[in-house]
Asker: 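This is the structure, below, for whatever I ask next.
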Amino acid sequence: MTRGRKFFRLQLRSGTMRLGERTLVMGVLNVTPDSFSDGGKFFDVSHAVQHALAMQRDGANIIDIGAESTRPGAAGIWASEELRRLLPVLEALRGKLKIPISVDTQKAAVAEAALGAGAEIINDISGLRSDARLAAVAAKHRVPIILMHMRGTPRSMQKGPFARNVLRDVLSGLRQSIPSRANMAWSARKSSLIPESASAKVFAKTTNS
């Protein structure tokens, strides 16, 4: 346990997740054909389920499942295609995992369906900039939401100059996201915002409640 570190409790459907006592590991599962790290490896439902269970055995505390690639240069997909990839995996994992699932999506419709299929956390790489309705979905279901900071979009993130001050860039972006979009839907005392930096910059992480 680290002295001086703040502690938080996230209330999930499956129980309480304690943040700050130790480092928690998020296992990432991309059910896409074109993600930059593992695109195509787990596009098949059975392979995706096997990998999720393997990450749990290896010590992951959360499984984050995404069905839309956001690698630099990637084109977006319709919500219907994202759900076609995502829902069979969530349904196949139902009752098999002992750790919570977060859904990596920028779309409120996808998040809504994923929460109904077993996900317990929303992970939005756009920080509510792509679809502000995600805030209302989080409030409706009383689930935590992870807000990531992304410079531009996947198609433009590599075109701008490199961030000279990564932390200032991340905090500035999140300050723009939270007041204008989050406050309209929920109280900070009822939901948790977990800022995290996305692609195109060095990873710098801060945590707030």
Side-chain angles (χ1 to χ4, degrees), residues 1-71 82 85-106 110-111 114-125 127 138 141-150 166 170 191-199 201-209:
M1 187 178 297
T2 303
R3 292 183 178 181
R5 177 182 290 180
K6 292 184 178 181
F7 302 100
F8 304 94
R9 294 182 181 181
L10 293 184
Q11 191 60 50
L12 307 176
R13 295 171 186 163
S14 59
T16 301
M17 176 171 286
R18 299 172 67 88
L19 303 180
E21 292 182 348
R22 62 187 179 90
T23 298
L24 301 181
V25 176
M26 173 182 279
V28 175
L29 174 61
N30 291 314
V31 290
T32 68
D34 56 346
S35 290
F36 65 86
S37 60
D38 57 0
K41 290 184 178 180
F42 310 111
F43 201 41
D44 175 79
V45 174
S46 62
H47 289 164
V49 170
Q50 291 172 16
H51 189 54
L53 294 174
M55 287 191 286
Q56 177 179 251
R57 289 194 300 271
D58 290 341
N61 303 104
I62 305 170
I63 299 295
D64 184 62
I65 305 179
E68 178 180 24
S69 174
T70 52
R71 61 175 171 75
E82 192 173 346
R85 302 172 181 180
L86 178 66
L87 290 181
V89 177
L90 289 174
E91 294 293 346
L93 285 171
R94 191 185 291 271
K96 295 181 180 178
L97 286 176
K98 297 180 181 179
I99 57 177
I101 293 173
S102 63
V103 57
D104 179 349
T105 186
Q106 301 176 68
V110 174
L115 292 172
E120 299 185 71
I121 301 169
I122 299 171
N123 181 13
D124 176 20
I125 69 161
H141 294 276
R142 295 177 177 270
V143 298
I145 183 167
I146 300 171
L147 299 184
M148 297 181 70
H149 173 61
M150 177 170 61
V166 174
V170 171
S191 293
S192 298
L193 308 176
I194 307 174
E196 184 177 19
S197 62
S199 301
K201 54 168 55 67
V202 177
F203 287 90
K205 188 176 297 184
T206 60
T207 304
N208 295 319
S209 65

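Just so it is clear, the values below take in all heavy atoms, side chains as well, and ignore hydrogens, waters and symmetry mates.
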Asker: Who pairs with E91 by side chain to side chain contact (heavy atoms under 4.5 Å, CB included), at least two apart in sequence or on another chain?
Answerer: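 Residues passing side chain to side chain contact (heavy atoms under 4.5 Å, CB included) with E91: R94, A117.
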Asker: As an exercise, state the distance from CG of D124 to CD of Q106, rounded to the nearest 0.5 Å.
Answerer: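 The CD atom of Q106 is 6.0 Å from CG of D124, to the nearest 0.5 Å.
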Asker: In Å, rounded to the nearest 0.5 Å, how long is the span from CG of L97 to CG of L90?
Answerer: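 Reported to 0.5 Å precision, the distance equals 10.0 Å.
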Asker: Looking at every heavy atom in both A67 and T32, which two are closest together, and how far apart are they?
Answerer: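 Heavy atoms of A67 and T32 come nearest at C-CG2, 3.4 Å.
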Asker: If you compare all heavy atoms of P100 against all heavy atoms of S14, which two are closest, and at what distance to 0.1 Å?
Answerer: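 What the structure gives for the nearest pair is CB-OG, 4.5 Å.
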Asker: Between R85 and G66 (side chain of the first, backbone of the second, donor and acceptor by atom type, cut-off under 3.5 Å), is there such a pair?
Answerer: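 Flag not set: sc R85 to bb G66 has no pair under 3.5 Å.
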Asker: Rounded to the nearest 0.5 Å, what's the gap from CG on L115 to CD1 on I101? Could you check?
Answerer: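 Answer rounded to 0.5 Å: 11.0 Å.
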Asker: Just jot down the salt bridge (Lys or Arg N to Asp or Glu O under 4.0 Å) partners of R18, sequence neighbours excluded, or say none.
Answerer: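 Once residues adjacent in sequence are excluded, the partners of R18 under the salt bridge (Lys or Arg N to Asp or Glu O under 4.0 Å) criterion are E21.
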Asker: Could you walk me through whether N61 and R22 pass the side chain to side chain contact (heavy atoms under 4.5 Å, CB included) test, one step at a time?
Answerer: CA-CA 11 Å; N61 303 104; R22 62 187 179 90; 3.3 Å; yes
Asker: Of all the heavy-atom pairs spanning V49 and A92, show the shortest one and how long it is.
Answerer: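 Shortest heavy-atom contact: CG2-CB, 3.5 Å.
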Asker: Pair T105, E68 - check side chain to side chain contact (heavy atoms under 4.5 Å, CB included), show working.
Answerer: CA-CA 7 Å; T105 186; E68 178 180 24; 5.5 Å; no
Asker: Looking only at non-hydrogen atoms, find the nearest pair between F42 and A48 and report the distance.
Answerer: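 For F42 and A48, the tightest heavy-atom pair comes out as O-CB, 3.4 Å.
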Asker: Could you state the interatomic distance from CG (L10) to CD1 (I62), rounded to the nearest 0.5 Å?
Answerer: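 Reported to 0.5 Å precision, the distance equals 8.0 Å.
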Asker: Report the distance from atom CD of E120 to atom CD1 of I63, rounding to the nearest 0.5 Å.
Answerer: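 If I round to the nearest 0.5 Å, the distance is 12.5 Å.
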Asker: Report the C-alpha distance between H141 and I122 in whole Å, list the side-chain angles of each, state the deciding distance to 0.1 Å, and finish with yes or no for side chain to side chain contact (heavy atoms under 4.5 Å, CB included).
Answerer: CA-CA 10 Å; H141 294 276; I122 299 171; over 6 Å; no
Asker: Do you know which two heavy atoms are closest between A111 and V103, and how far apart they sit?
Answerer: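 Heavy atoms of A111 and V103 come nearest at CA-CG1, 4.5 Å.
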Asker: Using the rule side-chain contact (heavy atoms from CB on, under 4.5 Å), only one of L86, V31, D64 pairs with D104; which is it?
Answerer: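 Among L86, V31, D64, the one meeting side-chain contact (heavy atoms from CB on, under 4.5 Å) with D104 is D64.
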Asker: For residues 44-62, pull every pair meeting salt bridge (charged side-chain N to carboxylate O under 4.0 Å, His left out), keeping only residues two or more places apart or in separate chains.
Answerer: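 Passing the test, one end in residues 44-62: no pairs.
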Asker: Which distance, rounded to the nearest 0.5 Å, do you find between the CE of M26 and the CD1 of I146?
Answerer: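 If we round to the nearest 0.5 Å, M26:CE and I146:CD1 are 4.0 Å apart.
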Asker: Whether the side chain of E82 engages the backbone of V110 through a donor-acceptor N/O pair (distance < 3.5 Å, no angle test) should be reported.
Answerer: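 Checking the backbone N and O of V110 against the side chain of E82, no donor-acceptor pair under 3.5 Å is found.
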